[in-house]
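For reference, the structure is listed below as structure tokens.
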Amino acid sequence: MLNIAAVWHNLIVGCSRFFAQLRNDASALATLRCLGLTVAFLTFLNLVDNLCLYYAVLNKTIGNPFLQSQWFYLLLAAPIAFLGRAARFYAILILLLTSLIVGCDIFLALAFSTRIGSDIVEVIYASSHTELGEFTVHFSRWEIWSGSLLFLLVLALVLWFACRRRTAFKPVFALLALALALPCSIDSLRLAVKEPKPWDEILRRNVVTELFFCFYHYREQNLELKNALQNPRLPSRLQRIDNGDILGIVIIGESVSRSHMSLFGYPRPTSPRLTAMRNELIVFDNVISSFAQTAVSLMRVFTIISDRSDGINCSLVNLCSNTGFYTEFISNQYRWGTSDNSTSLIFRSVDRREFLTETNTRGSTDANIIPALQQRLPAVANRPAVFFLHLIGNHFSYNRRYPESFNRFKQHRDDITQNLSHERARILNEYDNAILYNDTVIADLIEKVRATGRPAFVLYFSDHGEPVFEDGVTNIRHSESTSRYVYEVPMILWLSPQYKARFPRLAAEAAANAAKPYQTNDLTYGLAALLRLSYDAFPDHKNIFSASYRPRPRYIAGQDYDRLYPAKDDFKKLFGKKAD
Ligand SMILES: [Zn+2]
């Protein structure tokens with residue numbers, strides 16, 4: 001008891017001596033003020049950034065980055081105490097850098113409903129400059145640019161005045177700092193205990209280091225993928241259970257939302273060709289993607305993740321090339337120079353890769369892909385082969401995805417667009433035109449495969465969906481989104497008559513599962529089954545084309561999709577309500 005009293009006594013006396021000394025030491029006081037102001041500004045910037053995120057992007061904050069970043073900012077500002085005359089320059093430098101990052105963040109939030117972080121890193125890595133340009137032009141508006149400029153201007157003014165003002169030391173400031181430090185410490189402590197990698201969390205969650213952290217993380221992830229695919233851990237007794245010349249065509253769609261295809265019930269006739277061949281198709285109408293972004297979604301689709309959670313075992317391409325299949329990847333998506341993003345990494349080891357937009361600069365509609373496939377088919381006439389076709393599909397800008405003859409939906413006052421502004425109605429119409437064109441591309445591809453007369457299948461699915469103002473707010477995807485339209489994708493299987501005749505049981509079992517809940521991260525197993533591959537402990541319960549298939553819980557952005565959306569989409573209700 002006595003000891004505690006003595007400790008408190010010493011602490012109070014020590015503090016008051018320190019403060020008394022500060023009163024008389026002008027340079028120490030100036031240093032302390034500089035330090036305090038820097039931490040306060042970093043905190044303020046982080047707060048602005050989070051408010052922006054809250055209102056423009058998520059309608060929620062991630063954890064409590066405001067509190068958890070305090071100690072990190074103190075650490076960042078600590079050199080001020082030792083730098084002497086250079087202290088002020090150091091402070092201004094880190095504050096300017098942070099302001100710049102926050103400025104970018106606000107711009108991104110207002111323009112794209114996203115923020116600096118993994119989404120943007122992926123866009124930069126996975127897109128070309130052409131695509132980035134389209135992205136910016138598509139969404140830039142004068143109010144966004146002027147808003148961002150205004151923010152930076154106000155911030156510069158506040159900084160300038162704060163640096164000029166000279167106040168005497170007041171103990172009340174010290175008390176305020178202590179009052180702030182206490183909840184921050186508790187929160188940091190909680191983070192340190194709760195999270196397995198607290199430093200990662202702190203670096204990821206605060207505005208100063210977020211971008212660098214995400215770049216680093218993305219690079220690491222790509223390296224891991226590259227290593228895993230170069231040295232695959234193949235399942236034991238991997239083999240073909242049919243030695244025929246199966247031809248597999250896997251069409252990877254882009255940003256196609258199931259809710260905009262009339263094949264799935266959309267009121268506008270956006271998929272006439274596929275609807276006409278409806279009874280030749282198996283239409284899976286309860287499929288969602290695992291992620292909102294291309295690269296990460298496709299990485300999960302085409303790889304087998306270890307059950308022991310030590311990363312990626314191998315890819316579908318690894319399975320195919322080790323069983324004698326010829327493999328080819330034809331992409332109509334842009335490539336970032338010659339470097340690989342995770343999408344092209346997955347297909348790095350195929351027998352042949354072709355990027356159509358590199359040889360065709362005139363346009364990027366998916367019409368390119370039809371002759372490209374047709375040309376290649378005779379070369380593999382007598383051998384088992386798989387083609388992976390990566391469409392540009394419905395990637396924005398939507399109006400660049402179809403020729404003028406497909407500009408059919410132009411109405412601004414029909415059932416679909418009646419409650420949307422002129423601008424949004426135009427964007428939605430362009431999206432639907434691109435869907436209509438996509439319908440033709442898929443149907444044409446099926447016809448080319450039919451003409452081979454081989455035991456063949458065509459599987460079409462989209463990497464993820466796209467919201468198109470269904471919530472009245474946005475047509476932007478971001479990785480934290482829980483909007484159903486971001487994840488609900490079409491999945492369609494066409495089997496040639498020769499394939500059906502050879503594997504009637506598979507065809508019947510696949511058709512019986514058309515309405516079952518499914519998530520595309522298990523698609524490698526389904527595709528392996530279609531190619532008639534087998535191996536020890538093959539998880540047939542994850543194979544959507546088998547009678548043994550059992551649906552599993554489906555998560556989107558960490559939430560249970562089936563709990564969020566227990567009922568199927570009601571198109572009439574959706575477009576009947578006022579959405580703008
Ligand atoms: Zn995509």
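When a ligand or atom number is given, it counts from 1 through the structure's own listing order.
Backbone or side-chain N, O or S atoms of His464 reach the Zn ion (ligand 1) at under 2.8 Å. Contact annotation: Thr294 places an N, O or S atom under 2.8 Å from the Zn ion (ligand 1).
A donor atom on one side chain and an acceptor atom on the other are not found under 3.5 Å apart for Asp522 and Tyr549.
The backbone N or O of Val256 sits nowhere less than 3.5 Å from a side-chain atom of Asn394 that would complete a donor-acceptor pair.
The side chain to side chain contact (heavy atoms under 4.5 Å, CB included) search around Arg352 returns Tyr326, Glu328, Glu354, Arg376, not counting sequence neighbours.
The angle Asp463:OD2 - the Zn ion (ligand 1) - Glu254:OE1 amounts to 80°, with values rounded to 10 degrees.
Note that Arg484 lies outside the cation-pi zone of Tyr487, set by a 6.0 Å cut-off to the ring centre and a 45° limit from the axis.
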